[in-house]
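It should be emphasised that the depicted structure is a prediction, and the values quoted were computed from it without experimental measurement. Basis for what follows: all heavy atoms, side chains included, without hydrogens, waters or symmetry-related copies. Each residue takes its place number in the sequence, starting with 1.
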Amino acid sequence: SIGGTGVNLLPSEYTTFGAAAPSLNKAAQLALSTELLSTATGGYLLKADVSPSSTGYMYLASSGTDYNMRVKPGTKYIVSFWARGSAAHSLSLRIRYPNTAGTAIEIELASQAITTTLSRYSAVLTMPADLADRCCFLMYTQRTAAVGVTYFDGFMFESQVGNATTASDF
């Protein structure tokens with residue numbers, strides 16, 4: 001059964017992609033572009049190319065303090081997306097948020113292994129108890145420093161309903 005509400009909390013400019021890559025906060029070693037693919041949601045995949053070796057962080061936000069999603073502490077959310085890599089590797093799924101004392105915190109909530117085949121991936125993320133009320137989603141496109149390309153499409157971040165873990169259709 002579907003475990004998500006179907007309401008995407010991510011701003012639309014970070015969910016599907018067109019001919020130009022969106023402007024987002026990223027590592028200097030990460031080059032972003034798009035690649036035409038007729039079956040992609042917006043007609044293009046987001047291409048994240050890490051070189052030289054790095055974790056290739058990438059915020060789905062304009063800056064590290066663009067806390068663009070309202071979330072609740074201790075609540076579970078489902079993040080889902082399509083991805084493939086130039087080689088099999090793991091991503092680090094993270095959030096950055098102001099805690100109740102106002103300090104900016106960045107933590108990994110899950111890791112996700114991806115393959116060279118474009119597939120949909122999802123993970124259940126539990127928001128930290130000290131989160132005030134908002135965050136931004138980010139990832140390390142290479143969980144450990146490496147060189148490589150990762151392609152993305154259809155990012156979704158939604159509230160989990162009950163105990164089901166299946167993401168809603170995008």
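Phe157 pairs by the ring-ring contact (aromatic ring centres under 6.0 Å, His included) definition with Tyr77, Phe137, not counting sequence neighbours. Legend: residues meeting side chain to side chain contact (heavy atoms under 4.5 Å, CB included) with Ser63, ordered by chain and number and at least two apart, are Thr65, Asp66.
Closest of all the heavy-atom pairs between Asn25 and Gly64 is ND2-N, 3.3 Å. Scanning both residues, Val7 and Met156, for their nearest heavy atoms gives N-CE, 4.3 Å. Ser53 and Val147 make their closest contact through N-CG2, 3.4 Å (heavy atoms, listed as atom of the first residue, atom of the second, distance). Nearest heavy-atom pair, Gln142 versus Ser54, reported as atom, atom and distance to 0.1 Å: CB-O, 3.6 Å. Nearest approach of Ala132 to Pro73, heavy atoms of both residues: O-CD, 4.1 Å.
Tracing side-chain contacts under 4.5 Å through hydrophobic residues (I, L, V, M, F, W, Y), one reaches Met69 starting from Met139; they form part of the same cluster. Tyr57 and Tyr151 are members of different hydrophobic clusters when ILVMFWY side chains are connected at heavy-atom separations under 4.5 Å. Note on Tyr97 and Val71: same hydrophobic cluster, where clusters join Ile, Leu, Val, Met, Phe, Trp and Tyr whose side-chain heavy atoms are under 4.5 Å apart, directly or indirectly. Follow the hydrophobic side-chain contacts under 4.5 Å out from Leu91 and you never reach Trp82; the two are in separate clusters. Note: the hydrophobic cluster containing Leu46 also contains Leu30 (ILVMFWY, side chain heavy atoms under 4.5 Å, direct or indirect links).
Between Thr15 and Leu10 there is a side-chain heavy-atom pair separated by less than 4.5 Å. Here the side chains of Phe81 and Phe170 are not in contact, with every heavy-atom distance at 4.5 Å or above.
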Query raised in the report: Yes or no on side chain to side chain donor-acceptor pair (under 3.5 Å) for His89 and Thr144, after CA distance, side-chain angles and deciding distance?
Result: CA-CA 9 Å; His89 64 278; Thr144 56; over 6 Å; no
Query raised in the report: How far apart are the C-alpha atoms of Val50 and Val149, what are their side-chain angles, what is the distance that settles it, and do they pass the side chain to side chain contact (heavy atoms under 4.5 Å, CB included) test?
Result: CA-CA 6 Å; Val50 177; Val149 177; over 6 Å; no
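For residues 3-54, no residue pair satisfies the ring pair (Phe, Tyr, Trp, His ring centres under 6.0 Å) rule, not counting sequence neighbours.
The distance from atom CD of Gln29 to atom CG of Asp49, rounded to the nearest 0.5 Å, is 12.0 Å. With values rounded to the nearest 0.5 angstrom, Leu32 atom CG is found 11.0 Å from Lys47 atom NZ. Taking CD1 of Ile95 as the reference point, atom CG of Leu60 lies at 13.0 Å (rounded to 0.5 Å). In this structure, CZ in Arg84 is found 6.5 Å from CG in Leu45, a value given to the nearest 0.5 Å. One distance of note links CG of Asn163 with NZ of Lys76; it measures 6.5 Å at 0.5 Å rounding.
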Hey, can you pull the donor-acceptor pairs under 3.5 Å for the side chains in residues 106-124, sequence neighbours left out?
unit_1 : atom_1 : unit_2 : atom_2 : d
Glu106 : OE1    : Tyr59  : OH     : 3.3
Glu106 : OE2    : Arg94  : NE     : 2.8
Glu106 : OE2    : Arg94  : NH2    : 3.4
Glu106 : OE2    : Tyr140 : OH     : 3.0
Glu108 : OE1    : Arg143 : NH2    : 2.7
Glu108 : OE2    : Ser92  : OG     : 2.7
Glu108 : OE2    : Arg143 : NE     : 2.7
Glu108 : OE2    : Arg143 : NH2    : 3.3
Thr115 : OG1    : Thr117 : N      : 3.2
Thr115 : OG1    : Thr117 : O      : 3.4
Thr115 : OG1    : Tyr121 : OH     : 3.4
Ser119 : OG     : Thr117 : O      : 3.2
Arg120 : NH1    : Ser168 : O      : 3.0
Arg120 : NH2    : Ser80  : OG     : 2.9
Arg120 : NH2    : Ser168 : O      : 2.7
Tyr121 : OH     : Thr115 : N      : 3.1

Just distance, no hydrogens or angles: give the donor-acceptor pairs under 3.5 Å from side chains in residues 34-41, sequence neighbours left out.
unit_1 : atom_1 : unit_2 : atom_2 : d
Thr34  : OG1    : Gly18  : O      : 3.1
Thr34  : OG1    : Ala19  : O      : 2.8
Thr41  : OG1    : Asp153 : OD2    : 3.0

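Crowding of Lys26 atom NZ: a count of heavy atoms from other residues, nucleotides or ligands under 6.0 Å exceeding 12.
For the pair Glu158 (side chain) and Thr5 (backbone), a donor-acceptor distance under 3.5 Å is present. With hydrogens and angles disregarded, a donor-acceptor distance shorter than 3.5 Å links the side chain of Asn8 to the backbone of Phe155.
A salt bridge is defined here as a Lys NZ or Arg NE, NH1 or NH2 lying under 4.0 Å from an Asp or Glu carboxylate O, and Asp133 with Arg70 meets this definition.
Here the rule is side-chain contact (heavy atoms from CB on, under 4.5 Å) with Pro128, and of Thr126, Leu125, Leu131 only Leu131 fits it.
Counting side-chain heavy-atom gaps under 4.5 Å among Ile, Leu, Val, Met, Phe, Trp and Tyr, Tyr67 is found in no cluster with other residues.
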